[in-house]
Protein chains: 2
Amino acid sequence: MPAQADEAIREKVLAVADRLYYSRGIQAVGMDALRAEAGVSLKRLYQLFPSKESLVEEVLHRRRQIWNQLVEAAVATGETPRARLLAVYDMLARWFDEDDFRGCVFINTFGELGASTPRIADLVREHKAQFQARLAELIAEAGGPASLAFQLAILAEGAQTTAAIAGTSEAAGHARTAAATLIDSALAERAQ
Amino acid sequence: MPAQADEAIREKVLAVADRLYYSRGIQAVGMDALRAEAGVSLKRLYQLFPSKESLVEEVLHRRRQIWNQLVEAAVATGETPRARLLAVYDMLARWFDEDDFRGCVFINTFGELGASTPRIADLVREHKAQFQARLAELIAEAGGPASLAFQLAILAEGAQTTAAIAGTSEAAGHARTAAATLIDSALAERAQ
DNA sequence: TAGCCTAGAGAACGACCGTTCTCGGCGCTA
DNA sequence: TAGCGCCGAGAACGGTCGTTCTCTAGGCTA
């Protein structure tokens, strides 16, 4: 039982679970469907993850890391603080254009399980708070006010939800335009 | 079997279903829990609504009517087009402050059932499109550009989601401030 | 080669769900 | 008062889910 093989299987299961949960919803995907798709025995599945809930938690944890990497990769492309902020919305636009886009995993999970599973509701809260804190850092670099972080976070949130429901990716462009307006307005006000 | 008594029972069932579904999630509330809470027999329940899915659809329909009334009541308080638009965000603020606020019913339902129940996904899409169209009307009255409707809709959407997850109602205030900035910016641009 | 440990396949279990069926009692008509 | 039909209570049914258990086959050690 080589530990590194276990790690590979873990990652495979997490990747499959992420894909199935995201496309069909968590409650709609049973452990058996997961087992079949991942090519793992049920016994192994429960050795790696003691329960479905713990598996869901790890899927969210993994998504959070991926999200953070996407944000940082986008931010790294900007030369100025303003460009770094707007790059986040460009990243959203690319994401919304993917074929399997179905909204924010965290929002969907919150709607599905938040009322009955406090641990998962907390994970969602943490993730959103962390993203907002990152926005606040970028805004501080630009010399903007703290309230701007709330406004930009609301825009990003709304863009994800709107894109998921309307099924079009144009929400990202509108959010980006609105973000630019809000940033410029806040900086202009501070400048005078 | 007086028809008006049937109507009263229908409304009672719908109200109870709305409350339970909203607070616990749809999948977490069985028909039997509903029966117990509404004080109706299972037989009657299935006479009034042929299936759980049809019941969910009617709950959403009812919520949509309530939402429209709230929007129109808020809009009616504004003297100017700008004030009418901002009144929508004031309405959101009051809603977020309610004890049992748990986000937008339509978003939550979309996350829970949207992937597996196309009819319900369509209802959610229709509702959001209608709200956005109403915003576009108000913006046209103010002489603003059509793209502003998208921006304001994204703000309202994001405010609801952010308030639900963060558990604070301050999102409405930030959304309102951002909305005012976007409106004024758009109108100033058009004026010159 | 003999014995043991492991892991996979899948049956089994208990719980719950949406939906339907049965039964017993009550009220209305003749 | 006798009979009929409706209604509520709740059992029953078929299905699915998360989780555990059983059985069997295969590879490793001595």
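Sequence lines set the chain letters: A, B, ... in the order given, protein chains first and strands last, and positions in each chain run from 1.
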Within the supplied structure, the quantity of interest is the number of heavy atoms (other residues, nucleotides, ligands) at a distance under 6.0 Å from A:E72 CD; does it exceed 12?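 Yes, because the 6.0 Å sphere around CD of A:E72 holds more than 12 heavy atoms from other groups.
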Near A:R119 CZ, under 6.0 Å, is it more than 12 heavy atoms from other residues, nucleotides or ligands?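 No - once you tally the heavy atoms of other residues, nucleotides and ligands closer than 6.0 Å, there are 12 at most.
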In this structure, which one of B:L20, B:L14, B:D18 forms a side chain to side chain contact (heavy atoms under 4.5 Å, CB included) with B:V16?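 With B:V16 as partner, B:L20, B:L14, B:D18 yield a single side chain to side chain contact (heavy atoms under 4.5 Å, CB included), made by B:L20.
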Aromatic ring proximity B:F106/B:W67, centre distance under 6.0 Å: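 No - the distance between ring centres of B:F106 and B:W67 does not fall below the 6.0 Å cut-off.
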Salt-bridge test for B:D184 and B:R82: reply yes if a basic N is under 4.0 Å from a carboxylate O, no otherwise.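 A salt bridge links B:D184 with B:R82.
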Could you check A:N108 against A:Y22 for side chain to side chain contact (heavy atoms under 4.5 Å, CB included), going step by step and ending with a plain yes or no? CA-CA 8 Å; A:N108 293 347; A:Y22 184 56; 4.2 Å; yes
Report the distance from atom CD1 of A:I9 to atom C1' of C:dA7, rounded to the nearest whole Å.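 After rounding, the reported distance stands at 11 Å.
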For A:R35 and C:dA7, give me the distance from atom CZ to atom C1', rounded to whole Å.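 Taking CZ of A:R35 and C1' of C:dA7, I get 14 Å after rounding.
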Would you jot down, in residue-number order, the residues of residues 37-57 of chain B having a non-hydrogen atom under 4.0 Å from DNA chain C?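 Close to the strand are B:L42, B:Y46, B:S51, B:K52.
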Of all of residues 23-34 of chain A, which get a heavy atom below 4.0 angstrom from DNA chain D, listed by number?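 The stretch gives A:V29, A:G30, A:M31 as the residues lying under 4.0 Å from the strand, ordered by number.
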Salt bridge (Lys or Arg N to Asp or Glu O under 4.0 Å) evaluation trace for B:R94 with B:D97: CA-CA 5 Å; B:R94 289 191 298 273; B:D97 265 332; over 6 Å; no
Please evaluate residues B:V88 and B:F131 with respect to the criterion side chain to side chain contact (heavy atoms under 4.5 Å, CB included), reporting the C-alpha separation (whole Å), side-chain torsions for both, the decisive distance (0.1 Å), and the verdict. CA-CA 11 Å; B:V88 172; B:F131 173 62; 4.1 Å; yes
